[in-house]
Amino acid sequence: QVQLAESGGGSVQAGGSLRLSCAASGYTYNSYISWLRQPPGKARERVATIYIGGENTYYTDAVKGRFTISVDNAKATVYLQMNDLNAEDTAMYYCAADSPSSRLYSFDSLQRWQYLGQGTQVTVSS
């Protein structure tokens, strides 16, 4: 059973930075872990993904060049470094992991992300 716990959210002014952390347990080295976000009144979306075994990464266009996803396997923690934040980044951010059975779904399907943390709020004021 994969367990995920996010931390590091908060309020920041536009142009500022935050680093989110996801303490993970129960995952394997062929797992993918993503950061998803859900802005107020909008659908949840995938922001970034990392392959634990090879550290291949993916970013949605809106965050490319500003966000960096990384993993420290010794600490079993996945990070999301967020720079140059803007108001459109305001959302609840979730750490999510897939499972062998959920890998039949595409990366952009929410059904791919079987395990979800409780979320951490990021608020960017302009």
Do the side chain of [X] and the main chain of [Y] share a donor and acceptor less than 3.5 angstrom apart?
X	Y	result
T120	G9	yes
T90	V124	yes
Q3	G26	no
R66	D84	yes
T77	K75	yes

Flag this pair as yes if the NZ/CZ of R37 is under 6.0 angstrom from the six-membered ring centre of Y94 and inside a 45 degree cone about the axis; otherwise no.
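Not satisfied by the 6.0 Å and 45° rule.
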Find the distance between [atom1] ([X]) and [atom2] ([Y]) and round it off to the nearest 0.5 Å.
X	Y	atom1	atom2	value
R112	S99	CZ	OG	8.5 Å
L36	L116	CG	CG	6.0 Å
I33	C95	CD1	SG	5.5 Å
S31	I52	OG	CD1	6.5 Å
F67	S17	CZ	OG	9.5 Å
S11	Q121	OG	CD	8.0 Å

Criterion ring pair (Phe, Tyr, Trp, His ring centres under 6.0 Å) on Y32 and F107, from CA distance to verdict
CA-CA 9 Å; Y32 288 86; F107 287 109; 4.9 Å; yes
Nearest heavy-atom neighbours spanning [X] and [Y]:
X	Y	value
A97	V2	CB-CG1, 4.0 Å
P39	A43	CD-O, 3.7 Å
L18	G8	CD2-O, 3.9 Å
A14	S126	CB-CA, 4.1 Å

Distance-only polar pair, side chains of S125 and Q13, donor-acceptor under 3.5 Å
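Looking only at side-chain atoms, Q13 and S125 do not form any donor-acceptor pair under 3.5 Å.
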Can you tell me if S106 and D108 form a side-chain donor-acceptor pair at under 3.5 Å?
no
Heavy-atom distance under 4.5 Å between the side chains of [X] and [Y], does that happen here?
X	Y	result
S70	Q81	no
Y79	I69	no
Y93	Q38	no
D98	Q111	no
R19	L80	no
V78	L20	no
Q114	S101	yes
S102	W113	no

Out of curiosity, does Y59 fall in the hydrophobic cluster containing M82 (side-chain heavy atoms, cut-off under 4.5 Å, transitive links)?
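Same hydrophobic cluster.
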Under 4.5 Å between side-chain heavy atoms, hopping through other hydrophobics if needed: is there a path connecting V12 to V63?
yes
If you apply the rule side chain to side chain contact (heavy atoms under 4.5 Å, CB included), what do you find for W35 with R46, and how did you get there?
CA-CA 6 Å; W35 285 96; R46 184 168 64 117; over 6 Å; no
ring-ring contact (aromatic ring centres under 6.0 Å, His included) partners for Y105, two or more places apart:
none
